[in-house]
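Just so we're on the same page: letters track the sequence lines, and every chain starts at 1.
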Amino acid sequence: MRMRIYNTLSKRTETFEPIHENTVNMYVCGPTVYNYIHIGNARPVIFFDVVRRFFEHQGYMVNFVSNFTDVDDKIITKAIEDETDEMTIANKFIEAFYEDARRVGSSTKYLAPRVTEYMSSIISYIERLVEKGFAYEKNGNVYFRVDKIPEYGALSGRNIEDLREGARVEVDTEKENPLDFTLWKQTEQGITYPSPFGEGRPGWHTECVAMIHDIFGEKIDIHGGGTGLMFPHHENEIAQHRALAGNAIANYWMHNGQLNIDEKKMSKSEGRIILVKDLDHDYMGYRLFTLSTHYRSPIDYSDDILINHVNEWQKIKRTYSQTFYQLDLADQLDKKGVHDSQLSKIHQGFIEALEDDFNTPNAITELHNLVKYANQKIRERNTYPVMRGALELFDVFFKILGLNPEVSRLTKTDRAIYMEWTNARKNREFDKADRLREKLQERGIL
RNA sequence: GGUCCCGUAGCCAAGUGGCUAAGGCAAUGGACUGCAACUCCGUGAUCGCCGGUUCGAAUCCGGCCGGGACCUCCA
């Protein structure tokens, strides 16, 4: 079976055809580093990590790139507030981002270009847009001529006419068209960079296309990000790249739905915001929660819903560790597992779910099926080869989903306590058995 | 005002024209257990409402009700 991906640009589910055989070149819009990330920011961090893991599992070589926006008004404001410089703020929150990404189980081993490292590329990209007549300079500011791109709006399902009608009264009369967006901004406050248009800063929309152009040198396979970026950010990226290269930069555009809190969009001003670092629950439970809804649907966060998934994760983890420990106790951990028809069926269901536009909820259903099956085998006697097979399958699923049960081999002490407990129960020494049981529970073995 | 999305059991959620509408959490009955926990087996749905298309609709079309997003460099 081939992978199928819903392409926001065509509004259809398409079979994935890589540009280069067995390779996936993908780019995901990263954060503006002026604050700790919130749980909504974590959704793409988790989801696209799974996308990468699954492609890799399917034998693709994945070149994953996700940027850091480290030049931005919000960073400047934050630097002034904290009486420091922009670089300090950016560095601090880049570190914090990596820490949060690891907390939620996502890999941080990928290329993460920063705007400050690509300034000359961004400037020359803008220059070329001006040369070709797609952009114009006014008083040190450079704007993109939206009218020059007939397809403008195709990604987000709008057209220039609708946008014009809906546009609020624009104070900025410098623009030829209120919909034109800023490529370069002449500024006095905060860090500035020299350019042929004067001292200033780049607008937000050029960095991704300039980086993709520089790093990949051509159109990429997948461009991803949150729905909130579809308009105007991704629309503007496409417009710029159509202007220079005549294509939409990426063959497949993927967008993850928004995360809401209590059915409303997260809002800092209304105090409805939860930072990843402040989430006082099991992060694997949070990851499971995120993956339990299809990525394109909005997802609603509440403490109750999260606890629901934290419990779910506890159960999965318990089954995994019980399978692991029982095999360990029987010295069967290093033997090869047997994959019976039931395990094969579960495995196949899991892969098919993910091939179908990354249907993680259905993949998780197969994980539950595996949990049930493993538990049944634990209760039966002499099923070690199948238990070992189940454990191997758990490992495959966990690797793809980025879940980590953190179970390691029993120590000598662990084994000794376990044996003692078994004996105490056999000898009907229940007081002793209860004390040992408590110990085993503390060690997470029971 | 313009554009668009969603409404499936107490909660989360899959399914988007066709066998008895997946799965999980919670609840509850039973089995297992020295007791318990864990686990296993069982128990739950007029698919927001009304109408239409069709041999057949949760799935398509229309209307209504309810919730939400975007049109402001918010993932």
Side-chain angles (χ1 to χ4, degrees), chain A residues 28-32 37-48 66 69 72-74 153 156-159 161-170 178-179 181-182 185 202-205 207 224-234 236 255-260 263-269 273 288-289 292-294 296-302 304-316 318-319 321-322 349 353 356 359-369 371-380 424-426 428-431 433-434 437-438 440-441 446:
Chain A
V28 178
C29 290
T32 301
I37 60 166
H38 57 64
I39 56 175
N41 294 316
R43 172 120 99 142
V45 172
I46 293 170
F47 173 66
F48 288 105
S66 185
T69 302
D72 181 271
D73 287 356
K74 281 177 288 212
S156 52
R158 302 148 203 264
N159 58 59
E161 287 311 306
D162 288 341
L163 287 167
R164 193 169 281 148
E165 274 182 45
R168 311 280 161 88
V169 181
E170 187 84 42
L179 298 175
F181 56 91
T182 307
K185 198 175 190 173
W204 176 42
H205 306 302
E207 59 187 69
T227 309
L229 294 180
M230 240 159 78
F231 187 88
H233 185 57
H234 289 162
N236 293 350
H255 293 93
N256 64 273
Q258 186 174 265
L259 182 140
N260 300 316
E263 294 175 351
K264 289 251 175 68
K265 182 176 166 172
M266 242 191 268
S267 155
K268 210 173 176 182
S269 55
I273 186 163
L288 194 63
F289 155 72
S292 289
T293 297
H294 187 87
R296 283 191 276 123
S297 302
I299 185 168
D300 194 40
Y301 174 91
S302 73
D304 287 349
I305 297 170
L306 179 59
I307 288 166
N308 192 323
H309 291 91
V310 168
N311 290 342
E312 212 174 300
W313 172 241
Q314 292 302 328
K315 178 173 170 178
I316 293 165
R318 206 153 44 218
T319 302
S321 60
Q322 279 312 303
D356 181 17
N359 195 324
T360 53
N362 283 344
I364 289 169
T365 292
E366 297 297 343
L367 178 57
H368 286 300
N369 289 338
V371 165
K372 183 168 288 185
Y373 191 61
N375 278 322
Q376 286 167 346
K377 292 296 149 190
I378 290 171
R379 290 298 154 126
E380 291 171 23
R425 287 200 308 161
K426 205 180 285 173
R428 308 187 64 84
E429 298 171 87
F430 297 128
D431 284 347
D434 285 351
R437 178 212 271 164
E438 212 169 300
L440 289 168
Q441 281 169 338
L446 274 188

Notebook entry, point to check: In the strands shown, is B:G18 matched to any nucleotide by a Watson-Crick or G-U wobble pair with both distances under 3.5 Å, and which?
Noted result: B:C55
Checklist line | P-based separation of B:G24 from B:U72 [nearest Å] | finding: 46 Å
Notebook entry, point to check: A:Gln258 near the nucleic acid: base, sugar-phosphate alone, or nothing, with a heavy-atom cut-off under 4.0 Å?
Noted result: base
Note to self: Of the listed nucleotides (B:G24, B:C38, B:C73), which one gets closest to any side-chain atom of A:Arg318?
What the structure shows: B:C38
Margin query: Taking the minimum atom-to-atom distance to the side chain of A:Lys315, which one of B:C40, B:G23, B:C12 wins?
Written below: B:C40
Item checked: d(CD1, A:Ile305; P, B:C25) in whole Å -> 16 Å
Check: A:Asn308 has an atom CG; how far is it from atom C1' of B:A26, in whole Å?
Finding: 8 Å
Checklist line | Span that lies between the C1' atom of B:C19 and that of B:C65, in whole angstrom | finding: 34 Å
Check: B:A69 pairs with which nucleotide, Watson-Crick or G-U wobble, both distances below 3.5 Å?
Finding: B:U3
Check: Taking CG from A:Asn369 and P from B:C40, how many angstroms apart are they, rounded to a whole number?
Finding: 11 Å
Notebook entry, point to check: Between A:Phe430 and A:Asn362, which has a closest nucleotide on RNA chain B that is more 5'?
Noted result: A:Asn362
Notebook entry, point to check: Where each residue is assigned the nucleotide of RNA chain B containing its nearest heavy atom, which of A:Ile307 and A:Pro361 is assigned the position nearer the 5′ end?
Noted result: A:Pro361
Next item on the list: Taking the side chain as every heavy atom from C-beta outward, state whether A:His205 and A:Pro232 have any atom pair closer than 4.5 Å.
Entry: yes
Check: How far apart are the closest heavy atoms of A:His234 and A:Gly225, and which atoms are they?
Finding: CE1-CA, 4.1 Å
Checklist line | Heavy-atom closest contact (A:Val371 atom, A:Thr319 atom, distance) | finding: CG1-OG1, 3.3 Å
Checklist line | Integer-rounded Å distance: B:G34 P and A:Asp434 CG | finding: 12 Å
Next item on the list: Please work out if A:Arg379 contacts a base, only the sugar-phosphate, or nothing of the nucleic acid, heavy-atom cut-off 4.0 Å.
Entry: base
Note to self: Roughly how many Å apart are B:G29 and B:C70, using the C1' atom of each and rounding to a whole number?
What the structure shows: 50 Å
Check: Checking all strands, does A:Asn41 fall into the base, sugar-phosphate, or nothing category for heavy-atom contacts under 4.0 angstrom?
Finding: base
Checklist line | Inter-nucleotide C1' distance (B:U39, B:C32), Å rounded | finding: 8 Å
Check: Looking across every strand, which nucleic acid part, if any, lies under 4.0 Å from A:His233 by heavy atom: base, sugar-phosphate, or nothing?
Finding: nothing
Margin query: Heavy atoms only, 4.0 Å cut-off, all strands: where does A:Gly225 land among base, sugar-phosphate and nothing?
Written below: sugar-phosphate
Checklist line | Distance-only donor-acceptor test, A:Arg437 side-chain atoms vs B:A36 base atoms, 3.5 Å | finding: yes
Next item on the list: Taking only the side-chain heavy atoms of A:Asn311 (C-beta and beyond), determine which of B:G23, B:C25, B:U39 contains the nearest atom.
Entry: B:C25
Check: Between A:Leu306 (CG) and B:C11 (P), how many Å, whole number?
Finding: 18 Å
Notebook entry, point to check: Taking a pair as Watson-Crick or G-U wobble with both distances under 3.5 Å, which nucleotide is matched to B:A9?
Noted result: none
Note to self: Please report the distance separating the P of B:A21 from the corresponding atom of B:U54, rounded so that it comes out in whole Å.
What the structure shows: 24 Å
Next item on the list: With the side chain of A:Lys372 defined as its heavy atoms from C-beta on, choose the nearest nucleotide among B:C38, B:C40, B:C11.
Entry: B:C40
Note to self: Using atom C1' in both nucleotides, what's the gap between B:A45 and B:C5 to the nearest angstrom?
What the structure shows: 24 Å
Item checked: Nearest-Å distance once atom C1' is located in both B:U59 and B:C47 -> 10 Å
Check: Looking only at atom C1', what distance separates B:G56 and B:A37, rounded to whole Å?
Finding: 50 Å
Notebook entry, point to check: What is the base-pairing partner of B:C40, counting Watson-Crick and G-U wobble geometry with both distances under 3.5 Å?
Noted result: B:G30
Next item on the list: With heavy atoms under 4.0 Å as the rule, sort A:Leu259 into base, sugar-phosphate or nothing.
Entry: base
Check: So, is A:Thr293 near the phosphate of B:A13, with a side-chain N or O under 4.0 Å from OP1 or OP2?
Finding: yes
Margin query: Can you confirm whether A:Asn236 sits close enough to A:Trp204 that some side-chain heavy atom of one is under 4.5 Å from a side-chain heavy atom of the other?
Written below: no
Notebook entry, point to check: Could you state the NE2-P distance from A:His294 to B:G7, rounded to the nearest angstrom?
Noted result: 13 Å
Next item on the list: Look at the aromatic rings of A:Phe289 and A:Tyr301 and report parallel, tilted or perpendicular, splitting at 30° and 60°.
Entry: perpendicular
Item checked: A:Leu367 and A:Ile316, any side-chain heavy atoms less than 4.5 Å apart -> yes
Notebook entry, point to check: Which nucleotide sits closest to the side chain of A:Lys74: B:C74, B:C12, B:C73?
Noted result: B:C74
Notebook entry, point to check: What's the closest nucleotide to the A:Gln441 side chain, out of B:C38, B:A36, B:G24?
Noted result: B:A36
Checklist line | Flag for A:Asn311-A:Gln314: side-chain donor and acceptor within less than 3.5 Å | finding: no
Margin query: Test side chain to side chain contact (heavy atoms under 4.5 Å, CB included) on A:Arg437 and A:Arg425; report intermediate values, then the result.
Written below: CA-CA 10 Å; A:Arg437 178 212 271 164; A:Arg425 287 200 308 161; over 6 Å; no
Next item on the list: Under 4.0 Å between any heavy atoms, over every strand shown, what does A:His255 touch: base, sugar-phosphate, or nothing? Just pick one.
Entry: nothing
Next item on the list: Calculate the interatomic distance between A:His205 atom NE2 and B:U72 atom P; express it in whole Å.
Entry: 11 Å
Notebook entry, point to check: To the nearest angstrom, how far is A:Glu366 atom CD from B:A14 atom P?
Noted result: 15 Å
